[in-house]
Amino acid sequence: MRHDCHPDGAVCAEHFPDLIYSLPDPENSLDIYNAASSPKTLGIMLVIACIGVPVVVAYTVCIYWIFRAR
C-alpha cells in the first residue's frame, strides 16, 4: 500500500523515483525520469537564470539603498 508523501520528506524517500503513482495503471505513473525537461530546455533556463538573478539582486539592493533612510 502506497502512502501520500509528507512535507518532511521521510515517507517520500521510500517512493523514489516515483513522484505521482497512478493507481489504475502504473504505466502512467510520473517519475523523476519522465518528468525532467530536455537538456536544451534546461540550458535555456540556466541562461535565463544567470541573467535574471543578478538583475533582481541589483534591483533589490538599489531599492534598499534608495529607501534606507525612510
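Everything quoted here is computed from the prediction, not taken from an experiment.
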query: Do any N or O atoms from the side chain of T41 and from the backbone of S37 form a donor-acceptor pair under 3.5 angstrom?
result: no

ILVMFWY cluster, I63 and V55 together (side-chain gap under 4.5 Å): no

task: Report, as yes or no, whether the 6.0 Å neighbourhood of atom CD1 on I44 holds more than 12 heavy atoms from other residues, nucleotides or ligands.
output: yes

Donor-acceptor under 3.5 Å (S29 side chain, S22 main chain): yes

task: Measure the shortest side-chain to side-chain distance between D31 and F16 over non-hydrogen atoms and say whether it is less than 4.5 angstrom.
output: no

- request: For P54 and A49, work out which heavy atoms get closest and say how close.
  value: CD-O, 3.9 Å

- request: Indicate yes or no for a side-chain donor-acceptor contact from D18 to the backbone of I20 under 3.5 Å, with no hydrogens or angles considered.
  value: no

query: Same hydrophobic cluster for Y59 and I66, using side-chain heavy-atom links shorter than 4.5 Å among ILVMFWY?
result: yes

